[in-house]
J.: 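After the structure tokens below, expect a handful of questions from me.
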Amino acid sequence: MTQPRSSTRPLAVSRELQRRAEGLLPGGVDSPVRAFRAVGGDPPFVVRAEGASLWDADGNRYIDYFGSWGPMILGHAEPHIVAAVQQAAARGTSFGASTPEEAELASLVQRAFPSIEMLRFVNSGTEATMSAIRLARAFTGRNLFIKFEGCYHGHADALLVKAGSGVATLGIPGSAGVPAAATQHTLALPFNDIAAVEAAFARFPEQIACIIVEPIVGNAGCILPAPGYLEALRRITQRDGALLIFDEVMTGFRVALGGAQQLYRITPDMTCLGKILGGGLPCGAFGGRADILQMLAPLGPVYQAGTLSGNPLAMAAGIAAIRQLLERQSEIYPQLEQVARQVVQGVAELAADAGIPISVNRSGAMWTWFFQADPVTDFDSAARSDTAAFASFHRSMLDQGVWLPPSQFEAAFLSTAHGPAEVEQTLAAAKRAFAETARA
Ligand code: KE4
């Protein structure tokens with residue numbers, strides 16, 4: 001009998017847990033991508049994580065390359081963050097009143113993002129982006145806004161538009177339960193296409209409140225802005241009196257301490273943050289120019305609120321995380337760049353050796369291996385990837401203890417806890433996975 005492909009034990013306990021979860025949670029999950037529908041098979045149930053590793057309910061260990069979808073840049077169960085949360089919890093878990101830690105974390109954010117003069121904490125990236133758009137509409141007195149195909153900004157109704165709506169037509173709902181009225185002011189344009197943006201502003205002069213953009217896209221897989229693209233968005237919005245919102249929920253503190261706006265030297269009017277900001281606890285934020293933020297209640301007419309906004313545990317975790325990134329930035333970001341280059345290029349070279357076409361997009365420790373030969377520069381080109389080949393690669397890697405994000409259209413991440421041992425195991429697993437694919 002040939003050597004079983006899997007080096008992990010059968011997922012008996014995970015499957016039992018899946019059955020129980022499916023009776024209580026739609027699809028057994030609290031967020032769709034976790035259900036592994038894009039790659040097939042049953043998802044392992046995680047019971048513990050530390051550093052670069054996850055353990056499932058059957059005792060299998062995995063190298064983690066999705067990092068809770070971005071937050072875990074310092075690795076799992078990072079001691080400073082764990083201690084900070086434990087100490088905060090012992091002082092009470094939520095007050096619904098002001099605490100010293102909210103301004104402390106806000107001041108740390110401001111050191112990393114000088115464009116953020118003021119901010120407000122919320123509990124998710126979704127809340128951050130939907131609130132930023134509301135602010136932009138109030139500040140400009142306009143209703144229309146632009147987003148880009150393949151960019152995901154959370155699941156607020158106005159942001160769930162079908163791709164391909166194009167410049168002339170306004171948003172078409174991209175989800176059941178979203179009324180046409182909710183997306184009628186949304187323009188969904190192709191990413192990296194300045195002509196489409198110019199045409200939209202020509203069609204709706206002084207009617208567009210804002211552009212919201214993932215400055216480096218993570219939600220179509222990783223897609224980098226074309227040279228001059230972000231500068232053009234900045235120029236066009238400034239010219240028309242629209243606001244530029246950078247959704248840095250994923251890229252913030254990830255691609256650089258100050259996110260994509262630091263890398264590309266662009267100053268947006270507002271920035272949305274999440275993920276790493278909360279050190280793994282539920283936390284988001286939206287911020288930017290003080291003259292815009294001061295329109296928020298209780299100062300101004302824009303209502304926004306949240307029971308657990310600025311929660312003491314999330315603030316404690318965020319302060320512990322962001323303080324480390326600030327204090328150790330000269331060590332952390334070069335290290336992430338070095339390890340990510342070894343992993344990402346190493347796998348791409350192994351694919352090439354096996355005659356398997358892979359197109360790589362990477363910014364620091366955020367990347368995607370697209371299973372196709374051509375460059376991926378927008379959603380349409382990403383969509384031409386061989387998703388079956390990706391699914392096969394994902395399953396083989398998972399069986400060998402390497403857990404990649406379970407979708408071709410998601411970014412992968414690594415942390416400061418990933419080192420030579422993880423690189424070696426990942427490349428060995430990829431070599432076997434590609435050999436299997438070549439044999440199939
Ligand atoms: P949350 O509401 O999930 O905290 O954030 C929404 C959001 C906003 N903006 C960007 C750029 C994001 O990437 C996200 C959320 N990212 C996904 C990963 N593709 C979260 C994973 C999931 O939905 O389970």
Side-chain angles (χ1 to χ4, degrees), residues 25-39 43 46 64-73 113 120-134 145 147-161 163 174-175 191 210-225 230 245-255 259-261 268 270-287 304 306 308-309 311 314 317-318 361 363 365-368 379 382 403-413:
L25 311 169
V29 294
D30 287 314
S31 202
V33 69
R34 304 177 192 173
F36 272 35
R37 294 295 163 95
V39 293
V46 175
D64 178 7
Y65 282 112
F66 59 105
S68 181
W69 304 97
M72 311 318 292
I73 195 166
F113 290 85
R120 174 159 289 174
F121 291 111
V122 291
N123 295 287
S124 68
T126 294
E127 279 189 86
T129 58
M130 85 180 187
S131 306
I133 291 168
R134 185 181 306 146
F145 74 92
K147 75 172 292 287
F148 298 98
E149 291 158 13
C151 289
Y152 174 70
H153 305 289
H155 60 90
D157 279 357
L159 286 159
L160 292 180
V161 290
S175 163
F191 183 71
C210 64
I211 288 179
I212 184 166
V213 63
E214 289 186 67
I216 296 172
V217 180
N219 288 288
C222 181
I223 301 176
L224 303 180
L230 297 177
I245 301 175
F246 270 16
D247 177 352
E248 298 227 43
V249 166
M250 189 182 283
T251 53
F253 309 105
R254 166 62 60 181
V255 298
Q261 60 194 267
M270 279 195 274
T271 299
C272 299
L273 297 171
K275 296 184 190 279
I276 292 171
L277 173 67
L281 268 67
C283 185
F286 59 106
Q304 183 280 334
L308 294 170
S309 296
N311 171 271
N361 285 344
S363 179
M366 168 179 167
W367 75 91
T368 297
F379 180 67
W403 193 334
L404 303 177
S407 166
Q408 171 69 99
F409 307 111
E410 291 287 356
F413 306 97

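First listed ligand is number 1; within each ligand, the first listed atom is number 1.
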J.: Quick check: do Asn123 and Ser309 have side-chain heavy atoms less than 4.5 Å from each other?
T.: yes

J.: Checking side chain to side chain donor-acceptor pair (under 3.5 Å) for the pair Gln304/Arg134: CA distance, chi angles, key distance, verdict?
T.: CA-CA 9 Å; Gln304 183 280 334; Arg134 185 181 306 146; over 6 Å; no

J.: For the residue pair Trp403 and Phe66, categorise the inter-ring angle as parallel (less than 30°), tilted (30 to 60°) or perpendicular (more than 60°).
T.: tilted

J.: Under 3.5 Å, side chain of Thr368 to main-chain N/O of Glu410, donor-acceptor pair present?
T.: yes

J.: Could you name the protein residues that come within less than 4.0 Å of ligand 1, counting only heavy atoms, and order them by chain and residue number?
T.: Ser31, Val33, Trp69, Ser124, Gly125, Thr126, Tyr152, His153, Gly154, Glu214, Asn219, Asp247, Val249, Met250, Lys275, Glu410

J.: Could you check whether the rings of Phe191 and Phe148 sit parallel, tilted or perpendicular, using 30° and 60° as the cut-offs?
T.: perpendicular

J.: Mark yes or no for whether Ser363, through its side chain, and Val255, through its backbone, hold a donor-acceptor pair below 3.5 Å.
T.: no

